Number of protein chains: 2
Amino acid sequence: MTVGGTNGERRAPATLHDVAREAGVSLATASRSLNGSTRKVNEEYRQRVLAAAAKLDYSPNLSAQAVARGTSTTVALLVADIADPYFAQIAAGVVREADHEGLIVTMAATERDSERELELVRSLRGQRPRVMILAASRRADDPAATALAEELRAFEANGGRVAFIGATEAPHRSVALDNAAGAEALARALVQAGYRGFAALTGAEGLRTAEDRLGGFLAGLAASDLTIAPEHIVRPAFTRDGGYDGMRTLVELGIGEIDVVFAANDVMAVGAMSAIRDAGLVPGRDVAIAGFDDIPTARDVTPPLSTVRLPLEEVGRRALRLALDTIGPGDDLPVRAEVVLRASTPTRAR
Amino acid sequence: MTVGGTNGERRAPATLHDVAREAGVSLATASRSLNGSTRKVNEEYRQRVLAAAAKLDYSPNLSAQAVARGTSTTVALLVADIADPYFAQIAAGVVREADHEGLIVTMAATERDSERELELVRSLRGQRPRVMILAASRRADDPAATALAEELRAFEANGGRVAFIGATEAPHRSVALDNAAGAEALARALVQAGYRGFAALTGAEGLRTAEDRLGGFLAGLAASDLTIAPEHIVRPAFTRDGGYDGMRTLVELGIGEIDVVFAANDVMAVGAMSAIRDAGLVPGRDVAIAGFDDIPTARDVTPPLSTVRLPLEEVGRRALRLALDTIGPGDDLPVRAEVVLRASTPTRAR
DNA sequence: CCGAGTCGGGTAAGCGCTATCCATCATGGT
DNA sequence: ACCATGATGGATAGCGCTTACCCGACTCGG
């Protein structure tokens, strides 16, 4: 198709100007026929322009369009850690929906550091994205919180849209995950299944998602006048290794009174299962375990992990729709968190 | 779901012009003192500008900079599926390195469709990214291959950089993963461990990564005059469910002569383990299994999965460095693929 | 004391587009 | 016929920024 440029011949990409000249029309006409415009243009001209564009392998300079139009086609996504399946699934949803809307997503990782998060938001703002989606976990005691709020307020004042995932951040839109209700339902289900001695592996104090889930779980237990002994609530890192370490702590403490361990997310639960096994015990038999999220591997570990399912990809898609106001069917409904009992929490004969 | 915060008056973001006016200097001086320039500017002026920028909460319009400078600060990343841990890890590496270089990464998913891949490359080109990283798996018989090559050639001719991950694509830079050698080493290790009856779960015919891994594995067996019966080479989808289905097929076919199954990647292996278990067998005892990649969950399944470790995050980082010519220590060395034997392939007494 | 250098701020010409305004020309109602 | 009325192509003024380029103010050696 395109000819020339043997090696390293660095010709600049074709511009709209080139296309217009090639087609023998004005810049305006070329612009109108290539990029959506309300104006009609003579079909013959249009064809000529299209042909010229194809011939020159023209591809519109998105930055230039953004500058000229005063609005970009970008959505910025902030997650804590891309490799974590929780965020990876959300990201997959956002990317898919964005693609659907003809938008481009740029991604950044906070690495669970709220200073970094603030800095990233600040720098991402430079892109003038249409939407910013914040999926990175918020913490209640965040020192950078007000600065972040300020930054987001400014962003919105400039016409940007913000959507949070997980936490409901006061003035912004958000896809609320019913962490508390899901955990509560899980707790009830476990009580129902005959469990009485509980322990919890949850994230660092102040981590919203972790707190909500633990709170819900405790509420579910409270409904049956049960609770968790303070020493049986461990707060390691909110990661697989955190789960492993936390479970080790629990095992060392003595596991006699613990029937089941509630891990505040699945990756922790998976780590915990490995810790249980490394301690010479059998998860599901010697001590049951349940997680939260229903990441894909939950069903592939042994025994399959009981958990609370969150439709994470859908959450990602919905966050974008929400921010864009392109609500789809069912988007008004809350995100359903559904208890999924598997073999890691077998029914206990009492 | 909270909606709101859209009511504030919509003032436009501060421009450099505003900052200059506020500081009482010219546009040029403002530009020079805010964004790196070779020109020196009087320290007092500089401070005034900085103060003005802070006061107005100025954030440079990246699109405008890109247009003016003729070069963006973007790197485009193409993967097959973001939620797949293989790609998620690579993406994490790319994002981290990009952040390190002050670049922004935009991400797109091909969903394993090469038509889509072509289209994405085409549209991503509009961003005029500094770098394009293609991690999505290539296939030998790709009908869109020449068009893609053409597109990439044009991109490079315009000064863009391209880096492939996995496949070594003729004229481009690439981080080669030694799929063949790794699989070969794995095969030798398994033979060494006493295995004699082999089966393989690999991707669709023509999928480069899958072919290379299978080829290497067969070569490793051949060294001991062993091979895999054609009916024991199954080619389902290159995903967890593919692994599950493929293993089911194998089980239905009769597993009598199979000691160990080699899955061409870990997610398939994990799916296969579930299939084995669902068939009432015990993976590692009734039939051993090994994968490839060493995704994080490999060590958390039961039994822990034998595999070939690929430093995927490092691969992502290296791909970017490679494209940017900012080679770091050890970047000239090939990526090491290391056999990791775990309990899913116990040593067999013979 | 003068011409040749720096130094450093300002002016303005772009970058590749879009959008506004004009000019032109074919209609059509009366 | 004649003018209001649409259409539709073409200049052109930006969009927010960078970067020659210009030019006045200094510094200095001879």
Side-chain angles (χ1 to χ4, degrees), chain A residues 11-50 52-53 56-74 123 125-130 158-159, chain B residues 10-49 52-53 56-74 123 125-130 158-159:
Chain A
R11 52 180 160 70
T15 72
L16 189 58
H17 187 107
D18 300 330
V19 174
R21 186 154 35 70
E22 174 77 24
V25 300
S26 76
L27 206 57
T29 302
S31 171
R32 291 200 267 255
S33 29
L34 283 175
N35 318 64
S37 156
T38 44
R39 291 275 303 257
K40 216 184 305 172
V41 7
N42 182 308
E43 186 55 22
E44 190 204 319
Y45 279 10
R46 226 177 64 82
Q47 290 305 332
R48 282 224 311 260
V49 172
L50 260 38
L56 299 181
D57 199 12
Y58 170 75
S59 141
N61 184 324
L62 259 39
S63 293
Q65 288 190 324
V67 171
R69 292 195 173 128
T71 157
S72 76
T73 60
T74 305
S123 105
R125 207 149 69 78
Q127 292 187 70
R128 305 286 185 270
R130 269 244 256 287
N158 298 341
Chain B
R10 193 172 143 177
R11 54 178 160 74
T15 72
L16 189 59
H17 187 105
D18 300 332
V19 174
R21 186 155 33 71
E22 173 77 24
V25 301
S26 77
L27 208 56
T29 302
S31 170
R32 291 200 266 253
S33 28
L34 284 175
N35 318 66
S37 157
T38 44
R39 291 275 304 255
K40 217 184 308 173
V41 9
N42 183 309
E43 186 56 22
E44 189 204 320
Y45 280 11
R46 226 178 64 81
Q47 290 305 334
R48 283 225 310 261
V49 172
L56 300 181
D57 199 11
Y58 171 75
S59 141
N61 184 323
L62 258 37
S63 294
Q65 288 191 325
V67 171
R69 296 213 248 250
T71 157
S72 76
T73 60
T74 306
S123 104
R125 207 149 69 76
Q127 292 187 71
R128 305 287 184 271
R130 270 243 255 287
N158 298 342

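Just so you know, these numbers come straight off a predicted model, no measurement behind them. In what follows, chains carry the letters A, B, and so on, assigned in the order in which the sequence lines appear, proteins first and then strands, with residues in each chain numbered from 1.
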Check: From the list C:dT18, D:dG10, D:dC21, which nucleotide is the closest neighbour of the side chain of A:A28?
Finding: D:dG10

Notebook entry, point to check: Of all the nucleotides listed (D:dG9, C:dG16, D:dT18), which has the minimum atom distance to the side chain of A:A68?
Noted result: C:dG16

Check: 5'-most contact on DNA chain D: B:P60 or A:V25, nearest heavy atom basis?
Finding: A:V25

Note to self: Distance check needed: D:dC17 P versus B:N61 CG, whole Å only.
What the structure shows: 6 Å

Check: Has B:N35 got a side-chain N or O lying under 4.0 Å from the OP1 or OP2 atom of D:dT18?
Finding: yes

Checklist line | Distance, rounded to the nearest Å, where A:H17 contributes NE2 and D:dG10 contributes C1' | finding: 13 Å

Next item on the list: Respond yes when some side-chain nitrogen or oxygen of A:T29 is under 4.0 Å from OP1 or OP2 of D:dG10, and no when none is.
Entry: yes

Note to self: Without decimals, in angstroms, what is the distance between A:R48 CZ and D:dG9 C1'?
What the structure shows: 12 Å

Note to self: Any side-chain N or O of A:Q65 below 4.0 angstrom from OP1/OP2 of C:dC17?
What the structure shows: no

Check: Of the nucleotides C:dG8, C:dC21, C:dG10, which one has an atom closest to the side chain of B:K40?
Finding: C:dG8

Check: B:V41 has a side chain; which of D:dT19, C:dG9, C:dC17 sits nearest to it?
Finding: C:dG9

Next item on the list: In whole angstrom, give the distance that lies between atom CG of A:L27 and atom P of C:dC15.
Entry: 12 Å

Next item on the list: Could you tell me whether the side chain of B:R128 reaches within less than 4.5 Å of the side chain of A:P13, counting heavy atoms only?
Entry: yes

Notebook entry, point to check: Within the structure, does a side-chain N or O atom of B:Y45 lie under 4.0 Å from either OP1 or OP2 of C:dC7?
Noted result: no

Margin query: Among D:dG9, D:dG16, C:dC17, which nucleotide has an atom closest to any side-chain atom of A:R32?
Written below: D:dG9

Margin query: What is the separation between atom OH on B:Y58 and atom P on D:dG16, rounded to the nearest whole Å?
Written below: 10 Å

Next item on the list: Name the nucleic acid region contacted by B:V67, choosing base, sugar-phosphate or nothing; use a 4.0 angstrom heavy-atom cut-off, strictly under.
Entry: base

Item checked: Side-chain heavy-atom pair A:V25, A:R32 within 4.5 angstrom cut-off -> no

Notebook entry, point to check: Does the side chain of B:N35 come within less than 4.5 Å of B:P60's, by heavy atoms?
Noted result: yes

Margin query: Judged by each residue's nearest nucleotide on DNA chain C, which is more toward the 5′ side, B:R39 or B:A64?
Written below: B:R39

Next item on the list: Would you tell me if any nitrogen or oxygen in the side chain of A:S26 comes within less than 4.0 Å of OP1 or OP2 on D:dG10?
Entry: yes

Margin query: Whole angstroms only, please: what is the CG-C1' distance between B:N42 and C:dG10?
Written below: 14 Å

Notebook entry, point to check: Do B:R46 and B:V49 come within less than 4.5 Å of each other through their side chains, counting heavy atoms only?
Noted result: no

Checklist line | Least distance between heavy atoms, B:N61 atom then B:S63 atom | finding: OD1-N, 2.9 Å

Notebook entry, point to check: A:R69 side chain N/O closer than 4.0 Å to the phosphate oxygens (OP1, OP2) of C:dT18?
Noted result: yes

